[in-house]
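Worksheet: one structure, shown below.
Please read these numbers as outputs of a predicted model, since none were measured by experiment. Proteins come first, then strands; the chains are lettered A, B, ... in the order of their sequence lines, and each starts at number 1.
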Amino acid sequence: MIKAIRGTRDILPPSSAVWNMVEARAREVFHSFNCHEIRTPIFESTELFARGVGEETDIVSKEMYTWDDRDGSSITLRPENTASVIRAYIEHRLDQIPGLKKLYYIGPMFRRERPQKGRYRQFAQIGAEFIGSDSPVIDAEVIEMVLEVLTRCGVESPHLIINSVGCKDCRPAFVQALKDRLQDVKAGMCADCQRRADSNALRVLDCKVPEDQNVVDSLPSILDHLCQPCAAHFETVKSLLEARGIDYELRSRLVRGLDYYTRTTFEVTHGALGAQNSILGGGRYDGLAESLGSRVPTPGIGFSIGEDRLVMAIEEHVDPASLARLDVFLVPMGDAALRHAALIARDLRRGGFTVELSADHKVKRAMEAASKARARFALILGDNELTAGVYALKDMATGEQRSLTREQLAPALK
RNA sequence: GCGCGUGUAGCUCAGUCGGUAGUAGCGCCAGAUUGUGGUUCUGGAUGUCGUGGGUUCAAAUCCCACCACGCGCCCCA
């Protein structure tokens, strides 16, 4: 048997209804913020991600699907979408259009990681980028927008975590201070931390080994090393969130894996998702456009929701089958009734109802099918009904049945 | 990439000490019922025991490798 390749999967009904619901709600929220869709290619020049995401990140160094095209150029399936959006922004000179550019996207991304629950090699992200302003007001707007998506999708108790990782002026000094301190204390830490102390010092802050927590707590905090503009920016972001009544956890140890983040970073976690409890991540990336060739300063901030994980969280408490509604199942008896039923079906479908037409002339079979399909009503068309000009509408939940004329049908189905 | 675990019917699973694969539950099909589903009763179908190799008179069972999935690590959405 040919099977879907490792790390990929089919989204089947009824689960696909949850995906459609999530995407529909997200689009509603985005449009209400005057944020509009951008669709970029799912493969790009490898160089775009190498420069945008960062050569030293795990994503670029070992998790990309990359191959040489026939002309020798290196192509990569996108592992994330922010770099592509910024590339499109620069390529199409969107900086020449007045105002803040607010763009959202929904689509598949690809990373060659070990598959696990909530982690696939093809996964979907719903994200947005607000480009062209470094105002902290925008940070608060973006955070509010993404939380609104979660709320509108019915996600219970999302947990917002925020931090500031500084900028190119103040972060290097902090990293150096952190490394210096780690040289003194790393001997007492776990093996992973000893390795990270040299390779990726910021990651030590993320260590989850219980025995290391005392040491981790004693390490310097990025928040004490922010330059004055970064500190002021972060203070404003926090106060704007508070003014909006948005609860957050300040976690100075929240560091993100992508090189381009500056200043505000954030994450939302949700219980019951296993090790992959992060449902979305985002942050500001004020230097990214310049590193991709923009000649004008182009600050931006964005986020990306892991759609697979969001769907998983929703399915914890929503039965996917409940999202699909079948209003009426037509049960014609005989050829004449079948031909007539097709016209009734057309009427009702045009009226906005979901209608199923039985292909089986045996009433018992058709009624069984209606029941298994979880139809709200069955509409029986037989000789008696056709000659009298009425139809027998049966409520499948109560078993109650009554005779209705064609005009009375649609109102009865409401 | 690393560690641990799991893999038997469409699904959930049982399978003793290695001795012909289960009256198992749910689901599916048919009938009881020629114009009425759900409940009930009766009957029926469905297996490369994940794949390949090894040990053995004999392997779902023991051993090895591989594959897939799960949990965790790394990292991340």
For nucleotides 29-33 of chain B, list the nitrogen or oxygen atoms of the protein found under 3.5 Å from its nitrogen or oxygen atoms, one pair per line.
| unit_1 | atom_1 | unit_2 | atom_2 | d |
| --- | --- | --- | --- | --- |
| B:C29 | OP2 | A:Lys372 | NZ | 3.2 |
| B:A30 | OP1 | A:Arg365 | NE | 3.2 |
| B:A30 | OP1 | A:Arg365 | NH1 | 3.1 |
| B:A30 | OP1 | A:Arg365 | NH2 | 2.6 |

_Integer angstrom distance from the P of B:C29 to that of B:C67_ = 38 Å
*asked:* At 4.0 Å (heavy atoms only), tell me whether A:Ile380 reaches a base, stays on the sugar-phosphate, or touches nothing.
replied: base
*Who are the side chain to side chain contact (heavy atoms under 4.5 Å, CB included) partners of A:Arg346, not counting sequence neighbours?*
A:Leu343, A:Arg350
Throw together a table of side-chain donor-acceptor distances under 3.5 angstrom for residues 127-142 of chain A, partners on residues two or more places apart or in other chains.
| unit_1 | atom_1 | unit_2 | atom_2 | d |
| --- | --- | --- | --- | --- |
| A:Glu129 | OE1 | A:Tyr285 | OH | 2.5 |
| A:Glu129 | OE2 | A:Thr82 | OG1 | 2.8 |
| A:Ser133 | OG | A:Ser135 | N | 3.0 |
| A:Ser135 | OG | A:Val137 | N | 3.0 |
| A:Asp139 | OD1 | A:Arg284 | NE | 3.1 |
| A:Asp139 | OD1 | A:Arg284 | NH2 | 2.6 |
| A:Asp139 | OD2 | A:His233 | NE2 | 2.9 |
| A:Asp139 | OD2 | A:Thr264 | OG1 | 2.7 |
| A:Asp139 | OD2 | A:Arg284 | NE | 3.3 |
| A:Glu141 | OE2 | A:Arg244 | NH1 | 3.2 |
| A:Glu141 | OE2 | A:Arg244 | NH2 | 3.1 |

*Would the number of heavy atoms belonging to other residues, nucleotides or ligands and lying under 6.0 Å from CZ of A:Arg402 be above 12?*
no
*Does the side chain of A:Arg112 get closer than 4.0 angstrom to OP1 or OP2 of B:G1 through an N or O atom?*
yes
*Does A:Asp217 have any salt bridge (charged side-chain N to carboxylate O under 4.0 Å, His left out) partners at least two apart in sequence or in another chain, and if so, which?*
A:Arg253
*Tell me, for nucleotides 39-44 of chain B in 5' to 3' order, what letter each nucleotide earns: B for a base near a protein heavy atom under 4.0 Å, S for only sugar-phosphate near one, - for neither?*
------
*asked:* Measuring only the C1' atom in each nucleotide, how far is B:G22 from B:C11? A whole number of Å is fine.
replied: 16 Å
*Would you indicate which nucleotide in B:A77, B:C74, B:G35 comes nearest to any side-chain atom of A:Glu385?*
B:G35
*Pairwise P distance, B:G19 and B:A60 [rounded to whole Å]*: 10 Å
*Dot-bracket line, read 5' to 3' along RNA chain B, where crossing pairs take [ ] and | marks a partner on another strand, Watson-Crick or G-U under 3.5 Å*: (((((((..((((.....[..).))).(((((.......))))).....(((((..]....))))))))))))....
_Pairs where residues 379-401 of chain A contributes a residue and the test salt bridge (charged side-chain N to carboxylate O under 4.0 Å, His left out) is met, not counting sequence neighbours_ = none
_Holding to side chain to side chain donor-acceptor pair (under 3.5 Å), I want the full list of residues that pass it with A:Asp224, two or more places apart in sequence or in another chain._
none
*Nucleic acid contacts - residues 397-414 of chain A versus RNA chain B, non-hydrogen atoms under 4.0 Å*: A:Ala397, A:Gly399, A:Gln401
*Identify whether any heavy atom of A:Glu80 sits under 4.0 Å from a base atom; if not, whether one sits that close to sugar-phosphate; answer base, sugar-phosphate or nothing.*
nothing
_Please report the distance separating the P of B:A14 from the corresponding atom of B:C57, rounded so that it comes out in whole Å._
31 Å
_Classify A:Asp308 by what it touches in the nucleic acid, base, sugar-phosphate, or nothing, heavy-atom distance under 4.0 Å._
nothing
For residues 170-177 of chain A, dump all side-chain donor-acceptor pairs below 3.5 Å to protein atoms at least two apart in sequence or in another chain.
| unit_1 | atom_1 | unit_2 | atom_2 | d |
| --- | --- | --- | --- | --- |
| A:Arg171 | NH1 | A:Tyr261 | O | 3.3 |
| A:Arg171 | NH2 | A:Tyr261 | O | 2.9 |
| A:Gln176 | NE2 | A:Asp180 | OD1 | 3.1 |

*Check RNA chain B against residues 4-19 of chain A and give the residues with a non-hydrogen atom under 4.0 Å, in numerical order.*
A:Arg6, A:Gly7
_Partners meeting salt bridge (charged side-chain N to carboxylate O under 4.0 Å, His left out) with A:Glu28 (sequence neighbours left out)_ = A:Arg152
